[in-house]
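I have a structure here, written as structure tokens, and I will follow up with some questions on it.
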Amino acid sequence: MKLTGKALVYGDHVDTDVIIPARYLNTADAKELAAHCMEDIDKDFAKKLKPGDFVAAGVNFGCGSSREHAPLALKTAGVSCVIAKSFARIFYRNAINIGLPIIVSGMDIKDGDQLEADLDHGTLTNVTRGTKESFPPFSPFLQTIIASGGLVAAREGGHL
Amino acid sequence: MSKMTMTQKIIAAHCGQETVTPGEIVLANVDMVLANDITAPVAINEFRKLSNPTVFDKEKIALVLDHFTPNKDIKAAEQSRFVREFAKEHDILHFYDVGQAGVEHALLPEKGMVTAGDLVVGADSHTCTYGALGAFSTGMGSTDAAVAMASGKVWLRVPEAISVVLTGQLPEYVSGKDVILHLIGILGVDGALYSSLEFSGDGVRALTMDDRLCVCNMAVEAGGKNAVFPVDDATRQYLTEHGAAQPVVYAADPDAVYQRVINIDLGALKPTVAFPHLPENTKTFDDIPQGMKIDQVVIGSCTNGRLSDFVAAAEIMKGRKVHDGVRCLIIPATQKIYRDAMHMGLFDIFLDAGCAVSTPTCGPCLGGHMGILAEGERCVATTNRNFVGRMGSPKSEVYLANPEVAAASAVLGVIASPDML
Ligand code: SF4
């Protein structure tokens, strides 16, 4: 799978309370959640984001609450992929389980940079800056989940 | 010979392997799957996408309505009803509604639903609390919970571990909360990312079960996958008193491999406060400026909403008044804690002081209801997170502390240690 879009860049420790604040968790409706995604950290997020864009961040992205509403809101808002120096573990597994691509990379990315990710070959290109990096592949079991289209589909496919 | 940590041994036993290696991904059998009124609706939606949506064991699923309950608004009421109907449809044994419920991580140990050696997963990040009982327990997402409810299995990356060796005894006004805040201050909020925190040492004996539950509760605030205490007489006594199943005891191999060893002398700890907006921003009163005015105090949550927390707070509050202009909320974490506190006369002390006493709920801890902060307001809370907007306005501030500090702050109207009274 190839993804292209521009990057919206945030800092370290972006927690799930700012990705989707608890005051909106009285619904599990993905579109409603997406409408409020990231608004406490960037009130123009929904306006700035074009479908297919990337979110790029520092360390420990998605820390805090286990709310799957967080990756779901990002995905539904149109984020094609999250790139971070590291991910909090529950966010990491939630993203894989719901089929939101994530990449662990320390690449130098500035707000607005045009990016390309090739998930099959494990490469990330910063078109604006002319840099390219490869990232390590997921372990075979996680690849099975991703290839199935998420954990529920993997269960349907008899993988667990 | 294996060289496994306590956590790795529990995981190995639940995936039918002799040994497991850090980094390996395994499919493990679960002893209990947990979800709440926020995470269960998402899980149920995913569960219903399965072609065979039946539960693997109706006695091994816990559904607790605790976050936005008693329902804070119409949408929350719909979510509660959705979970209630699912519980009925599948005859879920451990379904807890308003009137029986309480904050999930206080409720499960109290009801004896977790025992030593269990593997517990929950769609709530503080599921790591039950490590205090010698279990492996960890938080995950709703889709994980959905598939675990159907299959009784979960995928796990076998964690590395950090060893935390405790010695000595806690001084006055210092409790489990200060141990874990101190540790998070050392590790940082991602210092234990993907790892277990394994506690050991003579100091373990000096910690009550409530202290240990509080310590394990906040492992996730250091990024940890789980935390675990060795099983001792206090654990066994707690499990027996609460009617838990017979414990299965695992201990780390003497030559288990740790990424890092941290020594903590409990006797050297002081009351510790985490400043906004990360739990790692810890300070003791040596560094806390005097006269930091506050607007609200919350004593409750899965971290410090147990009976011993209210006993400690009441000792400070007794014969004193909440400072003018401060709202002090007392939120016992379960019905039983509520009743015990009431029978001990603690409510009289709190009410005489001018506190509001609430029915069990997560409420303000996650900025849900029952004590939301306005812009510019400052709160001292015994909860576990102080992220931007966690208790209300993105421009409010939450300071995390133990119950004695919270009570002293309520009385003095500023962030204060009990010594200042
Ligand atoms: S009390 Fe707070 S941290 Fe604990 S389960 Fe409830 S919302 Fe989560």
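Naming convention: chains lettered A, B, ... in sequence-line order (proteins, then strands); numbering from 1 in each chain.
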- Message: If I measure from the heavy atoms of chain B, does A:S139 come under 4.5 Å with its side chain, its backbone, both, or neither?
- Response: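 Answer is side chain: those atoms of A:S139 sit under 4.5 Å from chain B.
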- Task: Side chain from CB out, backbone as N, CA, C, O: work out which of these in A:V152 comes under 4.5 Å of a heavy atom of chain B, or both, or neither.
- Result: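 The answer is both parts of A:V152.
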- Query: If you measure from OG1 on A:T16 to CZ on B:R385, what distance do you get to the nearest 0.5 Å?
  - Reply: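 The distance works out to 6.0 Å.
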- Query: Where does B:Q79 contact chain A at under 4.5 Å (heavy atoms): side chain, backbone, both or neither?
  - Reply: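 Only the side chain of B:Q79 comes within 4.5 Å of chain A.
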- Going by the side chain to side chain donor-acceptor pair (under 3.5 Å) test, which pairs reach into residues 145-160 of chain A, not counting sequence neighbours?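 Counting only pairs at least two positions apart or across chains, the side chain to side chain donor-acceptor pair (under 3.5 Å) contacts touching residues 145-160 of chain A are A:E156-B:S51.
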- Query: Hey, what do you get for OG (B:S142) to CZ (A:R67), rounding to the nearest 0.5 Å?
  - Reply: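 Interatomic distance, B:S142 OG to A:R67 CZ, rounded to 0.5 Å: 11.0 Å.
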- Query: At what distance, to the nearest 0.5 angstrom, does CG of B:N36 lie from OG of A:S66?
  - Reply: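 Between B:N36 CG and A:S66 OG, I get 7.0 Å after rounding to 0.5 Å.
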- Task: May I ask you to name which of B:G389, B:S151, B:G122 has the most heavy-atom pairs under 4.5 Å with chain A?
- Result: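 Winner by heavy-atom pair count: B:S151.
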- Option that, when pairs with chain A are counted at under 4.5 Å, heavy atom only, ranks first among B:N384, B:V154, B:T39, B:D124: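 Most pairs with chain A among the choices: B:D124.
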- Above 12 or not: heavy atoms from other molecules or residues under 6.0 Å from NZ of A:K132?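 Count not over threshold, so no.
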- Message: Quick check on A:E32 against chain B: is it the side chain, the backbone, both or neither that has a heavy atom closer than 4.5 Å?
- Response: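 Contact with chain B: side chain only.
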- To the nearest 0.5 Å, how far apart are CG in A:N26 and NE2 in B:H369?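 With rounding to 0.5 Å, CG (A:N26) is 11.0 Å from NE2 (B:H369).
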- Item | Among B:V220, B:L27, B:N71, residue most engaged with chain A (heavy-atom pairs, under 4.5 Å) |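 Most pairs with chain A among the choices: B:L27.
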- Message: As a quick check of understanding, evaluate side chain to side chain contact (heavy atoms under 4.5 Å, CB included) for A:N97 and B:W155, giving each step before the final call.
- Response: CA-CA 10 Å; A:N97 287 345; B:W155 68 268; 3.1 Å; yes
- Item | Residue pairs, two or more places apart or on separate chains, that pass side chain to side chain donor-acceptor pair (under 3.5 Å) and touch residues 79-94 of chain A |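 Side chain to side chain donor-acceptor pair (under 3.5 Å) check on residues 79-94 of chain A returns A:R89-B:T138, A:R93-B:D144.
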- Message: Evaluate B:E46 against A:L151 for side chain to side chain contact (heavy atoms under 4.5 Å, CB included), listing each step before the verdict.
- Response: CA-CA 9 Å; B:E46 291 303 312; A:L151 189 66; over 6 Å; no
- Task: Would you mind checking which part of A:I41 comes under 4.5 Å of any heavy atom in chain B, side chain (CB onward), backbone (N, CA, C, O), both or neither?
- Result: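 For A:I41, there is no contact with chain B at all, as no heavy atom is under 4.5 Å.
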- Task: Give the member of B:R390, B:K49, B:H67 that has the highest number of heavy-atom pairs under 4.5 Å with chain A.
- Result: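 Top option by heavy-atom pairs under 4.5 Å: B:R390.
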- Can you name the nearest heavy-atom pair linking B:L193 to A:F87, along with the distance?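 Closest pair (atom of B:L193, atom of A:F87, distance): CD2-O, 3.5 Å.
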- Task: Identify the residue among A:D15, A:D40, A:V14 that makes a side chain to side chain contact (heavy atoms under 4.5 Å, CB included) with B:F387.
- Result: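 Filter result, single survivor: A:D15.
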- Determine the option with the most heavy-atom pairs under 4.5 angstrom with chain B, choosing from A:G64, A:A88, A:A70, A:P21.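 If we count pairs closer than 4.5 Å to chain B, A:G64 comes out on top.
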- Message: Measuring from atom CG of B:L278 to atom SG of A:C63, what distance do you get when rounded to the nearest 0.5 angstrom?
- Response: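 Between B:L278 CG and A:C63 SG, I get 7.0 Å after rounding to 0.5 Å.
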- Item | Under 3.5 Å: donor-acceptor pair, side chain of A:E68, backbone of B:T143 |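 Flag set: sc A:E68 to bb B:T143 pair under 3.5 Å.
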- B:D73 portion near chain A, given a 4.5 angstrom heavy-atom threshold: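 B:D73 touches chain A through side-chain heavy atoms alone.
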- When B:G368, B:P41, B:G141 are compared by non-hydrogen pairs under 4.5 Å with chain A, the top option: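 With the most close heavy-atom pairs to chain A, the winner is B:G141.
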- Task: Measure distances from B:L50 to the heavy atoms of chain A and classify the residue's part below 4.5 Å as side chain, backbone, both or neither.
- Result: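 For B:L50, heavy atoms of backbone and side chain both lie under 4.5 Å from chain A.
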- Minimum heavy-atom distance between A:A28 and B:N45, given as atom pair plus value: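 Here A:A28 and B:N45 meet closest at CB-ND2, 4.4 Å.
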- Message: If I measure from the heavy atoms of chain A, does B:F68 come under 4.5 Å with its side chain, its backbone, both, or neither?
- Response: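 Only the side chain of B:F68 comes within 4.5 Å of chain A.
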- Query: For the residue pair B:V189 and A:N60, what are the closest heavy atoms and their distance?
  - Reply: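 Residues B:V189 and A:N60, closest heavy atoms: O-ND2, 3.5 Å.
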- Query: Once you round to the nearest 0.5 Å, how far does CG of A:D17 lie from NE2 of B:H277?
  - Reply: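 One finds 12.0 Å between CG of A:D17 and NE2 of B:H277.
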- Message: Does any backbone or side-chain atom of B:V147 lie under 4.5 Å from a heavy atom of chain A? Answer side chain, backbone, both or neither.
- Response: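 Answer is side chain: those atoms of B:V147 sit under 4.5 Å from chain A.
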- Query: More than 12 non-hydrogen atoms from neighbouring residues, nucleotides or ligands closer than 6.0 Å to NZ on B:K395, yes or no?
  - Reply: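 12 or below, so no.
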- Item | Region of B:I74 that comes under 4.5 Å of a non-hydrogen atom in chain A |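 For B:I74, no heavy atom lies under 4.5 Å from chain A.
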